[in-house]
Structure formats: structure tokens, C-alpha cells
There are 2 protein chains.
Amino acid sequence: MPRPRTRIQQKNSETILEAALEVFSAQGFRGATLDQIAEVAGLSKPNLLYYFSSKEAIHQALLADLLDTWLDPLRAMNPVGEPVAEVMAYMRRKLEMSRDFPRESRLFANEVLQGGHRLREAIEGELKALVEEKAVVLRRWMDEGRIARLDPVHLLFSIWALTQHYADFDMQVRAVLGEGHDPYAEAGDFLETLYTRLLRP
Amino acid sequence: MPRPRTRIQQKNSETILEAALEVFSAQGFRGATLDQIAEVAGLSKPNLLYYFSSKEAIHQALLADLLDTWLDPLRAMNPVGEPVAEVMAYMRRKLEMSRDFPRESRLFANEVLQGGHRLREAIEGELKALVEEKAVVLRRWMDEGRIARLDPVHLLFSIWALTQHYADFDMQVRAVLGEGHDPYAEAGDFLETLYTRLLRP
DNA sequence: TTGGGTTTTGACCGGATGGTAAGCAGTTGC
DNA sequence: GCAACTGCTTACCATCCGGTCAAAACCCAA
């Protein structure tokens with residue numbers, strides 16, 4: 001199905017993708033059913049398939065949208081900015097994305113966890129290229145003595161791991177912390193300290 | 001089905017659980033089918049159900065086994081040891097578990113990611129209790145000025161996130177690093193540096 | 001109002017999947 | 001060698017699920 005044209009097509013595709021995000025992120029691709037998505041969307045199952053040609057197609061549309069926004073924070077890391085502040089700001093943005101878009105994070109995690117064959121191309125292409133580009137910048141900052149010398153790629157991995165953890169393992173985080181905690185606020189403080197100490201040259 | 005008695009029961013339950021781990025960790029609960037597990041195990045589907053009463057039961061057995069071994073590294077953190085070395089050793093053991101038991105890590109991740117209702121009890125009970133016990137120890141070390149003052153629970157979260165990332169996002173890690181890398185060796189070095197700097201009082 | 005397009009639906013299909021029944025085969029203890 | 005139990009298989013069932021189809025409902029311009 002080509003991109004929406006009329007108002008009603010626009011609105012319904014959005015409703016479907018919103019519902020699909022809800023269900024896919026909570027159940028994984030195989031775990032989600034069209035009936036569930038239809039129910040969340042408030043539409044009938046055949047109606048979903050009027051807008052998207054298959055379950056696969058809905059999932060694909062979701063992943064395609066996702067990847068763009070997912071890489072934005074890293075793209076925004078400014079090669080001519082102040083190194084420590086830039087890395088710190090990147091970490092902050094990733095943490096905010098985990099807080100504000102946990103479903104997107106879990107959709108991504110579900111996908112990669114299960115071999116990520118639907119994302120392999122994008123990961124080996126776009127993502128890898130962007131990481132290599134930013135690794136060059138980080139290495140330069142290290143050469144200039146403006147941040148500590150570290151493996152730049154594993155530095156990025158650490159930011160992904162530490163921030164996405166709060167979205168992907170949300171249930172565990174909340175269960176262990178118990179009542180009366182603001183996981184993301186605490187994580188912000190903790191990670192601020194961590195990267196301050198790690199990056200100091 | 002009660003615990004195995006005869007030799008053949010012992011052997012076949014093990015074969016089934018091994019196959020189930022393979023399939024569940026790669027596909028999630030809903031994504032796995034009894035036929036797949038049966039094929040990997042080299043047994044017929046009805047034979048699986050002779051040993052385990054249902055798909056659910058196989059999964060439960062797997063999770064029950066898992067939790068014990070999963071908590072071992074943290075249990076082993078010695079309250080009367082040298083603080084920095086103890087935390088570092090814990091991180092090392094967790095990283096080794098990611099390397100040597102990635103399927104177990106992914107089984108766990110799949111489960112928690114999808115709301116973790118099958119693990120909720122264990123997480124809110126055993127896991128939380130153990131974390132609180134170790135948090136007391138960490139706080140004491142901080143009070144004694146033997147490691148840096150940090151939120152002890154988020155310190156543990158960071159170890160989980162950073163080590164499990166290499167198992168759970170293995171596909172991404174390998175795709176981004178490309179050929180000719182030993183992810184776990186590099187991660188070991190990186191995390192050694194990270195926690196050395198983070199923990200220094 | 002009418003006619004043509006768009007949107008929605010109920011009924012249905014075929015294959016996959018978890019699980020069962022009933023009997024056959026193997027093993028073990030005597 | 002034989003009974004009795006354990007282990008295993010073939011055939012089958014019911015349900016779920018992705019997807020189809022034909023027709024109904026809706027919308028809107030002329």
C-alpha cells in the first residue's frame with residue numbers, strides 16, 4: 001500500500017501504526033496478532049489489511065519510521081562542539097528517548113534480540129556508517145587530549161546499553177527499586193557522574 | 001511431570017531443555033513452536049509432551065533453572081573482600097556469563113522485555129532481596145571511603161546493562177564492529193577502565 | 001438524487017500449532 | 001520367558017491466526 005492520500009487514510013494508518021507499536025513492542029512480532037492490533041486500533045481486522053497488505057508490512061513500516069528517529073541523537077553530536085559536553089548531551093538525549101519512547105526502544109530490542117534479520121541491512125549500512133563517522137570524531141578528540149583515550153565504539157555501546165536498559169528492562173528496574181523512585185531522574189544523575197569520571201582526560 | 005527418576009528420563013529432559021533453550025532464546029515464547037523444539041531435540045512432539053505437560057511447563061522449567069545460576073555471580077560478591085576488586089570481579093563474572101551463556105541471557109531479556117509476568121515473583125522476591133543486601137554492603141564501602149559514593153542500585157544496574165548488552169545485542173555489536181574483532185575481549189578492557197575510573201574514591 | 005469511488009464488514013479459508021488418545025515397542029525385574 | 005511398566009509413535013482434534021472475498025455502507029460531487 002502506497003503512502004496515504006486522503007484525510008481518512010492518513011488518520012487510519014496512523015491509528016494502526018500507533019496500535020501496532022503498542023502491541024509489537026509488548027509482544028514481539030510473532031507474539032502480536034492482527035486481532036490484538038485491530039482491537040487496540042478500534043478497527044476490524046480486514047480493515048487493517050485494507051491499509052496494510054500484511055502483518056509483515058505493518059511491522060516494516062514501524063521499523064522504517066523507527067530507524068530514522070533512532071539515529072537522530074547520534075547524528076546531532078557536533079564534531080566542532082566541546083567534547084565532554086557533546087558526549088554528555090548525547091547520553092542525555094538517549095536517556096530521554098528511553099523515557100519518552102520506551103515502546104520504540106522495546107520494539108528495537110525485541111527485533112535485535114531475535115537475530116535482527118529485519119534490521120540487518122540498516123544496521124550493517126546506515127548505523128555502522130554513522131558509528132564509524134562518529135568514532136573518527138571521538139578519536140580525534142582523544143588525540144587532542146580533550147577526552148580520555150577509550151575504544152570509541154565501545155564507548156558508544158556503553159551509552160546505548162546504559163540508557164536503553166531503563167526502557168527495555170523497565171519492569172525489572174521498577175521492581176527492584178520499589179515504590180517512591182523516579183528511575184530516569186536517578187539514572188540521569190548516576191550516568192552524569194559515570195561519564196564525567198570516564199571521560200575526564 | 002515430577003522431576004526425572006530413571007536414566008532415560010534424566011537424559012531426555014535434559015535434551016529437551018537444551019533444545020528449548022536454543023529455540024526459546026532465539027524466538028521468544030510465542031515465537032517458538034513445539035515442532036521446532038522437537039526437531040532440535042531429535043524427539044517427536046508427543047514425546048516432548050510425555051516429559052513436560054505443556055509448552056508453558058518447558059518454559060517454566062527453563063526459567064526456574066535460570067534464575068538460580070543468574071544470581072550466583074552477585075551472591076559471590078564478598079562483603080569482607082577488597083571493595084574495588086570485588087565489584088570488578090562481579091563485573092568480570094557477569095561479562096563471562098554473557099560470553100559463555102548468551103542464550104540464557106537472551107531468554108531472560110526476552111522475558112523481562114515483554115513485561116516479565118512469568119518472572120515478576122522471582123524478581124520482586126529473590127532478586128530484589130539480594131540487591132538490597134548487596135546495596136547495604138556497597139553503601140558501607142562508600143561510607144568507609146573505599147569506593148566512590150554512588151547510588152549502589154544503579155551501580156548494579158549499570159553492570160547488568162553493560163555486560164548483558166554484549167549477549168542480548170550480539171548481532172548489533174558484531175555488525176557494527178565488523179570482522180576481526182573479539183567483542184568480549186574488547187569489552188573486558190573497556191569495562192575494566194570504566195569501573196576503575198568510576199569506583200576510585 | 002444519483003452514481004462512482006472509497007471504506008468497512010461478516011463470513012469464510014487453509015495452514016499452523018498446542019495438545020490428546022490409544023495402542024505399539026522396549027526395558028526391566030523376576 | 002513373561003508380566004508390567006516405561007517410553008514412544010501414529011493419527012487425530014480444536015483452536016488460532018493471517019489473509020481473502022464479495023457485498024454492504026459510507027461519502028461526496030454533479
Side-chain angles (χ1 to χ4, degrees), chain A residues 1-64 107 110-111 114-115 117-118, chain B residues 1-63 107 110-111 114 117-118:
Chain A
M1 168 128 314
R3 291 286 84 197
R5 320 209 148 247
T6 74
R7 304 281 160 71
I8 197 158
Q9 279 169 346
Q10 182 70 37
K11 185 168 139 296
N12 278 349
S13 326
E14 275 167 23
T15 306
I16 292 169
L17 289 176
E18 158 64 27
L21 175 59
E22 186 70 28
V23 178
F24 280 134
S25 70
Q27 319 259 130
F29 179 77
R30 195 73 168 19
T33 71
L34 287 177
D35 288 290
Q36 285 175 83
I37 298 171
E39 190 181 335
V40 173
L43 298 170
S44 70
K45 183 172 60 165
N47 208 7
L48 294 197
L49 294 163
Y50 174 71
Y51 289 101
F52 293 89
S53 60
S54 66
K55 183 185 180 183
E56 238 341 291
I58 301 177
H59 196 247
Q60 288 290 1
L62 229 38
L63 289 184
L107 180 70
N110 258 308
E111 199 46 37
Q114 303 190 3
H117 56 281
R118 291 167 229 264
Chain B
M1 169 130 311
R3 291 286 84 196
R5 320 208 151 246
T6 74
R7 305 279 160 71
I8 198 157
Q9 279 170 346
Q10 182 69 36
K11 183 167 141 297
N12 278 348
S13 319
E14 276 167 23
T15 306
I16 292 169
L17 289 176
E18 157 65 27
L21 175 60
E22 187 71 28
V23 178
F24 280 133
S25 69
Q27 318 260 118
F29 180 77
R30 194 73 168 19
T33 71
L34 287 176
D35 288 291
Q36 284 175 80
I37 298 172
E39 191 182 332
V40 173
L43 298 170
S44 69
K45 182 172 60 167
N47 206 7
L48 256 56
L49 294 162
Y50 173 70
Y51 289 99
F52 293 89
S53 60
S54 66
K55 183 184 180 183
E56 206 35 75
I58 301 178
H59 196 248
Q60 288 290 3
L62 229 38
L63 289 184
L107 180 70
N110 257 308
E111 198 47 37
Q114 303 190 3
H117 56 281
R118 292 168 228 265

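Within every chain, numbering begins at 1; the chains are lettered A, B, ... in the order of the sequence lines, protein sequences first and strands thereafter.
- Note: NZ (A:K11) to P (D:dC26) measures 15 Å, nearest angstrom.
- Atom P of nucleotide D:dC17 and atom CD1 of A:I37 are separated by 12 Å, given to the nearest angstrom.
- Around atom CD of A:E39, no more than 12 heavy atoms belonging to other residues, nucleotides or ligands sit under 6.0 Å away.
- Following rounding to the nearest Å, B:D35 (CG) and C:dG15 (C1') show an atom-to-atom distance of 12 Å.
- Counting heavy atoms from C-beta outward, A:H59 and A:L107 have side chains that approach closer than 4.5 Å.
- Across the protein-nucleic acid pair, B:E39 atom CD and D:dT9 atom C1' stand 17 Å apart, rounded to whole Å.
- In terms of polar N and O atoms assigned as donor or acceptor, the side chain of A:K45 comes within less than 3.5 Å of the base of D:dG19 in a complementary pairing.
- Comparing B:Q36 and B:P46 along DNA chain C, the residue whose closest nucleotide (by nearest heavy atom) sits nearer the 5' end is B:Q36.
- A:L48 places its CG atom 10 Å from the P atom of D:dG18, with the value rounded to the nearest Å.
- Residue A:A38 is classed as having no contact, given no heavy-atom separation below 4.0 Å to the nucleic acid.
- An OP1 or OP2 oxygen of C:dT9 is reached within less than 4.0 angstrom by a side-chain nitrogen or oxygen of A:N47.
- Using a 4.0 Å cut-off, some side-chain N or O of B:N12 falls inside it from OP1 or OP2 of D:dC8.
- Under 4.0 angstrom from either OP1 or OP2 of C:dT9 there lies at least one side-chain N or O belonging to A:S44.
- Residue B:R30 places at least one side-chain N or O under 4.0 Å from the OP1 or OP2 atom of D:dC17.
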Exercise. Evaluate the criterion side-chain contact (heavy atoms from CB on, under 4.5 Å) for residue pair B:R30 and B:Q114; output intermediate values, then yes/no.
Key: CA-CA 11 Å; B:R30 194 73 168 19; B:Q114 303 190 3; 5.9 Å; no
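- Rounded to whole angstrom, the span from the CZ atom of B:F52 across to the C1' atom of C:dT20 amounts to 19 Å.
- At a threshold of 4.0 angstrom between heavy atoms, the contacts of A:A57 with the nucleic acid are absent.
- The side chain of B:Y50 contributes an N or O atom lying less than 4.0 Å from OP1 or OP2 of D:dG7.
- As judged by a 4.0 angstrom heavy-atom cut-off over every strand, A:L34 is placed among residues touching the sugar-phosphate backbone only.
- Under 4.0 angstrom from either OP1 or OP2 of D:dT6 there lies no side-chain N or O belonging to B:Q9.
- Distance, B:I16 CD1 to C:dG18 C1': 15 Å, rounded to whole Å.
- Between B:I37 and B:F24 there is a side-chain heavy-atom pair separated by less than 4.5 Å.
- In this entry the distance linking CG of B:L49 with P of C:dA21 reads 12 Å, nearest Å.
- A:I16 is not listed as a side-chain neighbour of A:N47, based on a closest heavy-atom distance of 4.5 Å or more.
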